[in-house]
Amino acid sequence: MSQERTTLIAGNWKMNGGLDEVDGLAGDLAGRMAGLAAAPGFELAVCPPFPLLPMVASAIEESGIALGAQDCHGNEKGAHTGDVSAKLLAQVGCAYVIVGHSERRTDHGETDEQVRAKAEAAQAAGMAAIVCVGETEAERDAGRATEVVVGQVVGSVPEGATAENLVIAYEPVWAIGTGKTATPQDAQDMHAAIRASLADRFGAETAAGIRILYGGSMKPGNAAELLALADVDGGLIGGASLVADDFWAIGQAAG
């Protein structure tokens, strides 16, 4: 982790959580942040399901915890039943939007082009897009992991990306929810390849400021080792983000 990049620990609640989690999880984390004697050396963000966003925003208000959404539509408005615009997400207090998560790419057939449009919409609304990329186990076994991931970065990241409007989350698909985790060397190699791709396109200075998160089963037991890697700038946390003690421990591992 570079000293120039603030570690981001983002919790993706996925299709979990209800009214009880607003105070029991978001409120708990806000209380812990308020209890710190000094400003933390990391940033926390929580990304609950859409209906909980306004209530979670209220629970974490002035705590320093950022609010994020799990998806947005590529258009500002229109006849898109069941979708949510980036502009509306910004209005309810979101600072981040996850786009291109492997579960969206798999379950909904999202393409790089669609992910790119969503990232552009998030950025136009004043938020940072957390663009997810990652290979399947079959692609890794075939020796194509870096090719696949860099290809997704090229296809999914909009022009004009900056450290302020873009975060990349590398999530090896084979490690999500399986308990498997990339080795530290594998994680560092892929994060370095992603940063090199960003440097080729946006310049070394811009690439050096863009945060790249690891999103493959980071948990309290392995967080410190992963976060110590030179190009790992935080985590996109799934299951562990639903347990306040675990999520907080990952943040603490970041310093």
Side-chain angles (χ1 to χ4, degrees), residues 7-17 21 25-26 29 43-54 56-57 60 65-75 82-134 149 152-153 155-158 161 163-173 175-177 191 194 210-218 232-242 247 250:
T7 302
L8 172 61
I9 306 298
N12 178 13
W13 293 12
K14 305 190 179 183
M15 199 173 71
N16 298 295
E21 278 71 25
L25 183 50
L29 294 168
E43 179 184 359
L44 284 186
V46 291
C47 304
F50 288 134
L52 297 182
L53 285 169
V56 172
I60 63 176
I65 300 174
L67 184 68
Q70 297 177 19
D71 189 36
C72 70
H73 197 277
N75 290 355
D83 288 311
V84 179
S85 73
K87 182 177 180 180
L88 179 57
L89 295 173
Q91 289 176 345
V92 300
C94 289
Y96 295 99
V97 181
I98 299 169
V99 296
H101 192 280
S102 64
E103 291 156 4
R104 299 289 310 179
R105 291 179 186 262
T106 299
D107 296 348
H108 299 272
E110 290 188 3
T111 65
D112 288 343
E113 291 76 17
Q114 289 172 311
V115 174
R116 183 178 183 135
K118 292 181 177 192
E120 290 173 343
Q123 293 169 347
M127 297 178 290
I130 301 177
V131 177
C132 299
V133 295
V149 170
Q152 289 176 345
V153 172
S156 302
V157 172
E164 288 71 37
N165 68 19
L166 177 70
V167 176
I168 300 290
Y170 167 57
E171 40 161 25
V173 178
I176 299 173
H191 280 237
I194 292 170
I210 294 172
R211 291 178 290 184
I212 307 173
L213 314 183
Y214 177 75
S217 294
M218 183 182 286
V232 174
D233 306 316
L236 181 60
I237 315 300
S241 72
L242 300 172
F247 192 55
I250 293 171

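What's counted below: heavy atoms across the whole structure, side chains too, no hydrogens, waters or symmetry copies. Residues take their numbers from the sequence shown, with the count starting at 1.
Taking each heavy atom of S241 and G11 in turn, the nearest pair found is CB-CA, 3.5 Å. Considering all non-hydrogen atoms of both residues, A119 and P158 come closest at CB-CG, 3.6 Å. Residue I250 comes nearest to A240 through the heavy atom pair CD1-CB, 3.9 Å, listed as atom of the first residue, atom of the second, then distance. Nearest heavy-atom pair across I210 and L166 is CG2-O, 3.8 Å.
Side-chain contact between C132 and V99 is absent, with no heavy-atom pair separated by less than 4.5 Å. For the pair C47 and W13, the minimum side-chain heavy-atom distance is 4.5 Å or more. Two residues are said to be in side-chain contact when any heavy atoms from C-beta on lie closer than 4.5 Å; P48 and L67 meet this criterion. Counting heavy atoms from C-beta outward, E43 and Y96 have side chains that approach closer than 4.5 Å. Taking 4.5 Å as the limit, some side-chain heavy atom of D71 sits within range of a side-chain heavy atom of F50.
Remark: S156 pairs with R105, D112 by the side-chain hydrogen bond (donor to acceptor under 3.5 Å, both in side chains) rule, at least two apart or across chains.
Just one of Q114, Q70, E110 meets the side chain to side chain contact (heavy atoms under 4.5 Å, CB included) condition when paired with R104; it is E110. Here the rule is side chain to side chain contact (heavy atoms under 4.5 Å, CB included) with L8, and of L44, D233, L213 only L213 fits it. Each of I168, V153, V167, V97 was checked for a side chain to side chain contact (heavy atoms under 4.5 Å, CB included) with V131, and the lone residue meeting it is I168.
The main-chain N or O of A175 is found under 3.5 Å from a side-chain atom of S217 such that the two form a donor-acceptor pair. With hydrogens and angles disregarded, a donor-acceptor distance shorter than 3.5 Å links the side chain of Y214 to the backbone of G216. Checking side-chain atoms of H101 against main-chain N and O of E103 turns up a donor-acceptor pair under 3.5 Å. Judged purely by atom type and a 3.5 angstrom limit, Q123 uses its side chain to pair as donor or acceptor with the backbone of N165.
Residue pairs meeting the salt bridge (Lys or Arg N to Asp or Glu O under 4.0 Å) criterion with at least one member in residues 84-93, sequence neighbours excluded: E76-K87.
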